[in-house]
Student: 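Right, I'll just put the structure down here and ask away after.
The model shown is predicted, which means the values in this text are computed figures rather than measured ones.
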Amino acid sequence: GNSVTQMEGPVTLSEEAFLTINCTYTATGYPSLFWYVQYPGEGLQLLLKATKADDKGSNKGFEATYRKETTSFHLEKGSVQVSDSAVYFCALSRTGGSYIPTFGRGTSLIVHP
Amino acid sequence: EAQVTQNPRYLITVTGKKLTVTCSQNMNHEYMSWYRQDPGLGLRQIYYSMNVEVTDKGDVPEGYKVSRKEKRNFPLILESPSPNQTSLYFCASSQGQGGYTFGSGTRLTVV
């Protein structure tokens, strides 16, 4: 079946550091890939997405590239801020038309001033 | 504003007392889903719906019921809540491959 594996957290960085959160997936067919962010006390928000191989999703300085050859969708940001502290979820949409997402377990990011 | 609205935000109840968590979306989305979030377990899908009167079980459906009589509403029903259903619950909706819009969550405590 479909699955998403994310690196375990927490990831702790200083402000302005470079961020990478790894995400790999297993899926049949050609899923769409997503990153969601959950700020403390809030629901998940869609951060970025990519719908086919080699697509790059980007938003708020975050980027991720759909790599079919390595089945990966790693999240990157060149310079993190304290306000980026949150939990980040990688997800894929199931194939077959239902669009029901499968989520990774989430990676907590803590950014210190 | 496009949104998914859940109520209540917080709820403390006793074992066995039936409760309903409401969910409503104003985006005319076809797909709706309920998740529970627990520490160390991430998000687990409870039930989902692909359209009015079409619902199906997710990964952890035991102890829950849902209904989809109207496109905008997708309530979650706990007929006889138990302490192991203490969790943070999220409703979400989608129109397809564009991703899901989530509600703000309902924190349920069953004592």
Side-chain angles (χ1 to χ4, degrees), chain A residues 1-10 21 23 25 27 29-53 55 57-59 62 64 66 73 86-108, chain B residues 1-10 21 23-25 27 29-51 54-61 66 68 74 87-107:
Chain A
N2 297 336
S3 67
V4 175
T5 303
Q6 292 180 235
M7 59 189 292
E8 297 231 358
I21 299 179
C23 170
Y25 68 90
Y30 302 95
S32 292
L33 301 174
F34 306 87
W35 277 101
Y36 289 82
V37 58
Q38 184 180 29
Y39 298 104
E42 298 183 12
L44 279 73
Q45 301 173 26
L46 180 63
L47 180 60
L48 54 85
K49 67 178 181 180
T51 57
K52 61 182 188 297
D55 266 4
S58 61
N59 186 24
F62 291 90
Y66 189 144
F73 193 55
V87 181
Y88 292 82
F89 291 89
C90 185
L92 65 82
S93 67
R94 297 179 189 175
T95 56
S98 69
Y99 305 117
I100 305 300
T102 298
F103 287 91
R105 291 198 171 186
T107 302
S108 175
Chain B
E1 180 188 353
Q3 59 186 359
V4 175
T5 303
Q6 292 179 231
N7 281 297
R9 288 293 307 274
Y10 301 92
V21 183
C23 174
S24 180
Q25 50 97 359
M27 296 164 282
H29 284 170
E30 289 188 358
Y31 305 99
M32 297 187 75
S33 186
W34 276 103
Y35 295 86
R36 60 179 289 175
Q37 185 177 24
D38 301 288
L41 298 177
L43 283 164
R44 293 181 292 170
Q45 190 177 56
I46 303 170
Y47 269 94
Y48 64 93
S49 170
M50 294 174 68
N51 213 325
V54 181
T55 63
D56 207 348
K57 295 177 181 179
D59 301 317
V60 288
V66 293
R68 187 93 182 272
F74 190 46
S87 186
L88 179 58
Y89 291 86
F90 289 102
C91 180
S93 73
S94 173
Q95 192 51 39
Q97 294 279 29
Y100 268 70
T101 300
F102 281 77
S104 298
T106 296
R107 186 167 292 281

Student: Need one label for B:R9: side chain, backbone, both or neither, based on atoms under 4.5 Å from any heavy atom in chain A.
Tutor: side chain
Student: Return the NZ to CD1 distance between B:K57 and B:I46, rounded to the nearest 0.5 Å.
Tutor: 13.5 Å
Student: With sequence neighbours excluded, what pairs up with B:F90 under the ring pair (Phe, Tyr, Trp, His ring centres under 6.0 Å) test?
Tutor: none
Student: Let me know if B:Q45 has heavy atoms under 4.5 Å from chain A in its side chain, its backbone, both or neither.
Tutor: side chain
Student: Measure distances from B:D56 to the heavy atoms of chain A and classify the residue's part below 4.5 Å as side chain, backbone, both or neither.
Tutor: neither
Student: Do B:R68 and B:V66 have side chains that approach each other closer than 4.5 Å (heavy atoms only, starting at C-beta)?
Tutor: no
Student: With sequence neighbours left out, write down each residue that passes side chain to side chain donor-acceptor pair (under 3.5 Å) with A:Q38, or none if nothing qualifies.
Tutor: B:Q37
